[in-house]
Amino acid sequence: MWERTLQDLIRGLRANKKDEAKFIAKAVDEIRQEIKTEDMELKAGAVLKLTYLDMLGYDMSWASFHVVEVMSSPKLHLKSIGYLAASQSFGQDTDVLMLTTNLLKKDLSSTPADIAISLDGLSHIVTPELARDLTPELIAMLNHSRPNIRKRAILALYKMLLKYPEAITQARSRLEEKLEDADPSVVAATVNVLCELARRNPRDYLSLAPQLFHLLTSSSNNWMLIKIIKLFGSLSPHEPRLVKKLQAPITELISTTPAISLLYECVHTCIIGGMLQGPSGDSLAKTCVSKLAAFIEDQDQNLKYIALLAMAKIVPTHPHLITEYQDTIVLSINDQDISIRMRALDLLSAMANKSNLQSIVQQLLAHLVQEPSAALPTAAQSLGQNIASPSLAAASSLPSHQSSSYRLTLAQRILHLCSRSTYEYVSNFEWYLSVLVDLAHIANVDIGAEIRDQLVDIVGRVRGARRYAVKLMYTLLTDDMLLRSAAEPGGCSEVLWAAAWICGEYCLELSDPQRLIPYLLQATNADLAPDTIAVYIQATTKVFGFWSAELAQQWDDDNLPRVQKTVQDILSGLRHLLGSQHIEVQERASNTLQLFAFIEADLNAYKPESQSMPSLSNGPQFPKSLYLVQPLFSSYELNAVAASAQAFVPVPDGLDLDSWIVPPPREAAQSSSPPVREKKKKVKKGKGKDVLLSGSEGRLPQNGERIPPVSVESDGESLEEKALREKRKAERLAQLRDDPYYIKDPEPKADDVDSIPVVQLEGMPPIPYDTQEDKLPMLRASSHLLSLSSEAFVIEKEGEMPEGAIQPTRDSQFASTPSSGLHAAPVRLSSFPEYEVPSEVQVETIKVVRTKKKGQSKKKRTTPVDDVS
């Protein structure tokens, strides 16, 4: 026998957990029979059981009409079951809702119990059609004699206004009257509804400010005060006079209320309402910050979170007040809750300035340092700790180090703090360079690319920090531990890239350049990234070029073995890199190897003159190859480039960037009408022979000659087609031979050894040498960089701009170029020395020679092309 009550259904579900689907299927079949009966009690019980099954995820939309039948029952307990089922299962697209309009009108004019039940159900099932039809009845219900009916009607009216906004003009006056209702619950419900409506359009509710202010100063209901405070927070930005009016009562509430929820709403309203601005808001801001600081020290995690969130909104206007609690905020970074840690990081980022940046970064770096793992407690100690304090035991079981994603976020936040606004808050760049190096050692996350970019950027922009940067990068390149960790996951191999680039580009600052070369070409570097190895090769060339040129200034024949040994070491390291699997490393190693092989040959050919014989020549007495490399890299100085420099490059007059420099070759023959493609088919002609037919008579070649179908080779191409293809290829190659923009294959070289050109050092450019004063140009003594002091750092924020461009101003993002184009007088844009550019540039006219196609004259014509400078 089937159990008819809901309690029996629940007991059956618990007893049939192993076969629940079968039991529910049987129960639904029974419910279908019960719900069709005329007995309203049995029908209501079936609807109640369906409501329970609906909460478990089973569909009951098939019983919507029966739910409406139970809603229309005259008995109160059955009607409540029907409204409960409707509020849970009906949606906006339920068809039977159109049948409930008269039913709801009838229930709204019935007894107070029926009104209460119908108002509760109406707020859940209301649709735009129902709201339009029932708005008059609901507005009339606001004047009901019973307070609980008025309260329910106000709350249901809000749901109807959401579905039918046109009714706000009729309900607005009645809602304002309810603010002066005798029952406090009705007033609280009205404030709640007005608060939600004012969020959409606050200006329409400014007229309610006097009544709301009276309630704010006279009411003791904390929940209603919270809503009033929220409402004033929406109105204050649209009425400046409210700010001054509300400061006194809100300050009193913040100072006296013990309710934390009300206290936070007051602080939040002060922030979003603009009450903390101006001289009168300083005292209120100080009070708010002190209360929020107390929240941070509270054990409640929710209070910590909202306090950090609110402080982040106060920082833009009162950073000095937040800075007083910097230590308290930093402690939140050690919290176990990741959301609190992230909010603390946001707050520290917002409060950083030039005075406290170093302390904040040092504390964040200390947080990144992983603590050594402590010894595991014994079983007895763990059991005793768990019994004494379960929460403390759970906290102690958590890992002491952070996750890799959080460490990455923390490292990126440090880089963002210091590089904000082109290092605006960094006052000591030697300190920040040390921070970047420390971060590379302790981060243990993939942050090397960001550190590399900032190292190169700082050294390029801040001249006063270059000497210290080179010294610091030298220690990185000679650190074996960093070299081993760079090849591991999370290792910052990109930092070694920056170190090699900086030492190579600014090798002038190296005290002993020759000592760095063995570290750049040691065999253990093969495990590094290929781009890092390529920069190592380039840095080796630069360092040797500077060192050899410096050695030539004070040459002594005793230095020859030393230089030869260094060159041999470089050649040995380069030969080891020739077997690299990366093509970029192979190419750079091969090119550099040939350069140093040339230097080695010159050093071996150098004959020191006897000291007893006087020098007969007027030139310098040292191997000339010592000056071979240094001019290749010291002609121009690399400086920071402005972000908008490319946009300010002036376009030469008469240059059309969209036109063809060399027009594409035309087809050999062009017809006035587009060619019609005919389907080709293969016809069998003998054993192993095929014929390609175009139509039924063969095909028409481009020169107009009709060729009948012929036999083809086994690969499917006829001899005539092959000859025609070779002819076209020869014509195309003849055209491209005279094209200066086409990359042609190199001509095969002859095996004649005597035809190979021999480069002699006598043909090199003359070395700047003053024979009268018998001295060479000095590389270190004449450098203006030595006079820079590390105490005053100058940042080149703007960067270089192209010659002839106008520096963009703050008022305009893009400025026009001078009207005179390329011939305008160059403008000095920065303190960098200007490049030496010849005053007259030779303009060469490039002519492209094209040949006539078939069917035209065979003579070549010369077509002049626009001058390209």
Side-chain angles (χ1 to χ4, degrees), residues 578-587 590-591 655-757 844-868:
L578 287 178
S580 175
Q581 60 181 347
H582 302 286
I583 190 65
E584 179 71 17
V585 177
Q586 291 183 26
E587 181 181 6
S590 178
N591 294 339
L655 176 60
D656 186 5
L657 297 178
D658 297 327
S659 63
W660 286 93
I661 298 178
V662 177
R666 300 178 180 178
E667 295 294 333
Q670 295 180 350
S671 58
S672 58
S673 60
V676 180
R677 293 177 177 264
E678 294 183 356
K679 186 176 180 180
K680 295 183 179 181
K681 60 181 179 180
K682 293 184 178 181
V683 180
K684 198 70 176 179
K685 299 288 286 187
K687 184 176 180 181
K689 306 289 184 177
D690 289 341
V691 176
L692 291 178
L693 295 182
S694 179
S696 61
E697 299 180 356
R699 57 183 180 83
L700 185 66
Q702 294 183 0
N703 57 6
E705 180 184 357
R706 183 176 299 276
I707 299 177
V710 295
S711 61
V712 297
E713 300 296 334
S714 58
D715 58 355
E717 185 180 24
S718 65
L719 296 177
E720 288 78 8
E721 287 179 334
K722 185 176 181 179
L724 182 60
R725 179 170 56 82
E726 294 293 337
K727 184 178 181 180
R728 291 178 181 175
K729 181 178 179 180
E731 292 176 355
R732 186 176 72 255
L733 292 178
Q735 274 189 336
L736 296 177
R737 189 178 296 111
D738 298 327
D739 190 352
Y741 299 98
Y742 183 78
I743 302 177
K744 296 175 284 294
D745 295 332
E747 297 291 335
K749 297 182 179 179
D751 296 332
D752 187 8
V753 180
D754 297 334
S755 63
I756 300 176
E844 180 182 358
T845 301
I846 299 177
K847 296 183 178 181
V848 179
V849 180
R850 301 193 185 123
T851 59
K852 290 276 189 174
K853 306 301 178 181
K854 291 185 176 181
Q856 300 177 1
S857 175
K858 295 184 179 179
K859 295 182 179 180
K860 295 184 179 179
R861 64 177 181 179
T862 302
T863 304
V865 185
D866 295 339
D867 293 346
V868 180

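For clarity, every value in this text was computed on a predicted model and none was experimentally measured.
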Give a yes or no on whether Glu726 atom CD has more than 12 heavy-atom contacts from other residues, nucleotides or ligands under 6.0 Å away. yes

Contacts of type side-chain hydrogen bond (donor to acceptor under 3.5 Å, both in side chains), residue Glu584, not counting sequence neighbours: Arg588

Mind checking side-chain hydrogen bond (donor to acceptor under 3.5 Å, both in side chains) for Arg725 and listing every partner two or more places apart, or none if nothing turns up? Glu717

With Glu587 via salt bridge (Lys or Arg N to Asp or Glu O under 4.0 Å) - residues at least two apart: none

